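As structure tokens, the structure follows; a few thoughts come after it.
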Amino acid sequence: PFELLSDPDGSAGRAFGVKKTFGLLAGRVTFVLDREGVVRLRFDSQLRVHEHVARALATLEQLKASTPSGEAPAAKSNAVASPALAASVP
């Protein structure tokens, strides 16, 4: 299990330095952070929408494979203030 963060007001994006595309459109960036809050994936693409999901899932699988129990790392409880695992979904 992991937490998915939606960012309708852009505050999380601003906290992570996500820039607007052409200064107009909200940036489309996917982040995956591990249990300790280390960014394991930052994927930035306005056009390759489906690749955001594919890369996030692949990163989660890598994290899952690297844990002793084989379970996906748990997200931090303060996910809203500092997203533990986040993925954008079109």
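Not measured: the values here are computed from a predicted model. When a residue number appears, it is its place in the shown sequence, counting from 1.
- Heavy-atom minimum distance, Asp9 versus Arg14: O-NH1, 3.2 Å.
- Evaluated for a side chain to side chain donor-acceptor pair (under 3.5 Å) with Thr30, the options Glu51, His52, Arg42 yield exactly one hit, His52.
- Side-chain contact between Arg28 and Val49 is present, with at least one heavy-atom pair separated by less than 4.5 Å.
- For the residue pair Ala12 and Leu5, the shortest heavy atom distance occurs at CB-CD2, 3.8 Å.
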Exercise. With side-chain contact (heavy atoms from CB on, under 4.5 Å) as the test, would you mind laying out the steps for Leu25 and Gln46 before giving the verdict?
Key: CA-CA 9 Å; Leu25 302 172; Gln46 197 69 276; 3.9 Å; yes
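- Between Glu61 atom CD and Ser66 atom OG the span is 11.0 Å, to the nearest 0.5 Å.
- No side-chain heavy atom of Phe16 sits under 4.5 Å from any side-chain heavy atom of Asp7.
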Practice problem: Please test Arg55 against Leu41 for side-chain contact (heavy atoms from CB on, under 4.5 Å), starting from the C-alpha separation and ending with a verdict. | Solution: CA-CA 8 Å; Arg55 287 193 182 203; Leu41 170 73; 4.0 Å; yes
Exercise. Take Leu60 and Val32, measure what side-chain contact (heavy atoms from CB on, under 4.5 Å) needs, and give me the verdict at the end.
Key: CA-CA 8 Å; Leu60 289 171; Val32 174; 4.0 Å; yes
